[in-house]
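Owing to the predicted nature of the structure, the values given are computational and were not obtained by experimental measurement. Both backbone and side-chain heavy atoms feed into the values below; hydrogens, waters and symmetry mates do not.
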Amino acid sequence: MEYTTRRSQGGLFEGLYRVIMRRNSIYVTFIIAGAFAGERAVDYGVKKLWENNNVGKRYEDISVLGQRQSEE
């Protein structure tokens with residue numbers, strides 16, 4: 001009895017199935033949007049990690065590069 005009551009309420013996965021996976025066009029759109037958002041998140045995270053690990057070693061951090069010495 002308890003199983004049928006719990007089963008009729010549905011769960012998180014059943015709700016996701018009803019919203020996302022029922023139609024192929026919505027499912028494909030969800031996958032493409034998720035891949036794009038995931039790629040952006042990983043790119044942002046790796047860039048911040050790289051910048052934090054290489055502070056002072058990057059071209060932008062060295063002040064004397066690209067400047068001419070004044071002729072006096």
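- In the hydrophobic clustering, where aliphatic and aromatic side chains (Ile, Leu, Val, Met, Phe, Trp, Tyr) are joined below 4.5 Å either directly or transitively, L49 stands alone.
- Think of W50 as one node in a network of Ile, Leu, Val, Met, Phe, Trp and Tyr side chains linked at under 4.5 Å; it has no links at all.
- A search for side-chain contact (heavy atoms from CB on, under 4.5 Å) contacts involving V28 returns N24, I32, not counting sequence neighbours.
- If you chain together ILVMFWY residues whose side-chain heavy atoms come under 4.5 Å of each other, Y44 ends up in a group of its own.
- Annotation: side-chain contact (heavy atoms from CB on, under 4.5 Å) contacts of I26 (sequence neighbours excluded): R23.
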